[in-house]
2 protein chains.
Amino acid sequence: MPKYKQFNRDKVLEAASTVFQEKGYNGTSIDEILTATGLSRSSLYDSFKDKHNLYLQSLEFYKESNDKTFQSLDEKDLNGLQKLETMFKGVVNHLVENPDDNGCLLVNAAAEMSKQCFKTSQVVCNNKDEVQNLLSSWISDAEQKKVIKLDKPAKVYGQFFYNTLCGLRVMSQSGAGKTELNNVVKVALDSLN
Amino acid sequence: MPKYKQFNRDKVLEAASTVFQEKGYNGTSIDEILTATGLSRSSLYDSFKDKHNLYLQSLEFYKESNDKTFQSLDEKDLNGLQKLETMFKGVVNHLVENPDDNGCLLVNAAAEMSKQCFKTSQVVCNNKDEVQNLLSSWISDAEQKKVIKLDKPAKVYGQFFYNTLCGLRVMSQSGAGKTELNNVVKVALDSLN
DNA sequence: AATAGTTTGGAATATTCGTTCCGATGTTTT
DNA sequence: AAAACATCGGAACGAATATTCCAAACTATT
């Protein structure tokens with residue numbers, strides 16, 4: 001057997017976060033994680049300590065890959081409003097095209113674990129603040145470029161759109177379809193006029 | 001021991017739904033339910049079949065008591081906009097004053113169980129449709145009374161405000177405070193002008 | 001007061017779970 | 001090629017789990 005790690009840490013965390021997203025923390029067994037990741041029992045405990053630690057690492061991995069999506073959108077040559085529109089379009093598209101996808105690991109973690117695990121609540125809370133700040137910066141960019149006109153501080157709209165985002169994830173898990181989600185986004189974006 | 005049931009079904013379901021709300025379905029053990037409800041093991045299995053069945057009944061009980069809150073607000077002598085404002089004020093107040101409350105059982109159920117249990121997804125989906133319809137009726141009432149003026153069908157706003165509602169529950173579980181939640185409601189309600 | 005009818009407490013069971021451990025398997029280094 | 005080292009597969013363990021079962025406890029009826 002190999003002398004150096006045979007598996008790719010990111011691949012493992014991606015597979016694990018998928019399972020956790022589908023079944024939740026308490027709903028997934030170690031065996032399910034083993035088959036999903038292809039890891040052996042010993043390797044998993046050797047490299048990730050235990051189930052709870054693996055969950056936290058999966059959560060942070062998920063958050064980071066989420067951040068990357070936001071950041072690459074942020075770096076595009078668009079004004080803030082266009083970035084906002086593109087983001088929502090992408091989210092709705094993803095939710096519609098992946099109906100078996102169980103929402104968002106961060107939202108699910110907030111629902112299942114944030115009151116039981118302080119570290120989980122920290123990740124979830126940090127994510128909220130970061131995404132809100134990014135959205136706020138997009139909105140004040142659009143205001144500066146006179147694309148939109150605001151009657152409230154940009155920060156408030158950042159909070160509002162983050163709320164809209166969370167709602168979309170819950171609604172798609174509650175059986176909402178494409179037009180329903182699009183309607184929500186339409187009304188939300190119209191608040192900028 | 002008594003000849004007729006010693007316990008109140010509603011009290012039991014209320015206690016059970018509180019535990020399920022705090023710890024989720026997979027996170028709560030039968031023993032926790034027993035101490036929370038004061039029931040004996042045999043009585044629980046005698047009256048509620050098993051854990052999964054108890055969960056579904058708790059979910060429906062929670063939904064019904066939720067419905068009652070909405071309906072009693074609906075019966076008040078207010079126009080649709082006032083009802084909407086009162087509802088949001090009540091939700092935010094509840095979230096702020098009960099920081100240990102783990103959000104909303106229906107939202108948590110959507111996140112944890114809707115993809116794993118068809119009956120759960122049915123309850124969650126029905127709740128979505130019913131609440132949306134009620135909100136829509138409030139909005140078209142406000143429009144008829146010329147309190148507001150809409151540029152989209154009332155139904156669309158019902159979907160939007162339901163989304164806002166779901167978002168609030170997730171955000172409060174993600175550590176959002178009073179002003180944050182109030183800001184969200186403010187922007188959402190301003191979409192009606 | 002005795003019987004019939006129900007609930008209840010707690011022991012018992014079978015299953016599943018997370019975790020540990022060790023011999024086997026392989027790779028790198030000498 | 002052999003020693004040193006790390007990983008891996010799978011058995012094994014203990015704890016926790018959901019569920020069943022039965023005798024004891026109690027009330028209402030007769």
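Numbered from 1 within each chain, the chains take letters A, B, ... in sequence-line order.
Judged by distance alone, the side chains of B:N108 and B:Q21 never bring a donor and an acceptor atom under 3.5 Å apart. Checking B:E180 against A:Q132 by side-chain atom types alone, a donor-acceptor pair falls below 3.5 Å.
With D:dA18, D:dT19, C:dG18 as the choices, the nucleotide that has an atom nearest any side-chain atom of A:I30 turns out to be C:dG18. Taking every side-chain heavy atom of B:S43 into account, C:dT7 is the closest of D:dA18, C:dT7, D:dG9. The side chain of B:R41 sits closest to C:dG10 out of D:dT7, C:dG18, C:dG10. Side chain of B:S40, nearest nucleotide from C:dG9, D:dA18, D:dT7: C:dG9. The side chain of B:F7 lies closest to C:dT8, out of C:dT8, D:dT19, D:dT7.
Taking atom CG of residue B:L54 and atom P of nucleotide D:dT19, one finds them 10 Å apart after rounding to whole Å. Separating the OH atom of B:Y45 from the P atom of C:dT7 is a distance of 17 Å, rounded to the nearest angstrom. Atom-to-atom, CD1 of B:I33 to P of D:dA18 comes out at 8 Å; the value is rounded to the nearest Å. The OH atom of B:Y25 sits 13 Å away from the P atom of D:dT17 (whole-angstrom rounding). The distance from atom CG of B:D46 to atom C1' of C:dG9 is 13 Å, rounded to the nearest whole Å. When the P atom of C:dT16 is taken as reference, atom CG of A:N26 falls 18 Å away, rounded to whole Å. Between the OH atom of A:Y55 and the C1' atom of C:dT19 there is a distance of 20 Å, given to the nearest Å. Between B:L39 atom CG and C:dT6 atom C1' the separation is 14 Å, expressed in whole Å.
For A:S42 and D:dT7, the shortest distance from a side-chain N or O to OP1 or OP2 is not below 4.0 Å.
Among the heavy atoms of the strands, none lies under 4.0 Å from B:D31.
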Please assess B:F160 against B:S191 for the test side-chain contact (heavy atoms from CB on, under 4.5 Å), listing each intermediate value before the final yes or no.
-> CA-CA 10 Å; B:F160 168 73; B:S191 69; 3.6 Å; yes

Checking side chain to side chain donor-acceptor pair (under 3.5 Å) for the pair A:N79/A:Q82: CA distance, chi angles, key distance, verdict?
-> CA-CA 5 Å; A:N79 69 51; A:Q82 291 170 320; 3.3 Å; yes

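Each of B:L44 and A:E32 has a nearest nucleotide on DNA chain C; the 5'-most of these lies closest to B:L44.
At least one donor-acceptor pair under 3.5 Å links the side chain of A:E112 to the backbone N or O of A:N26.
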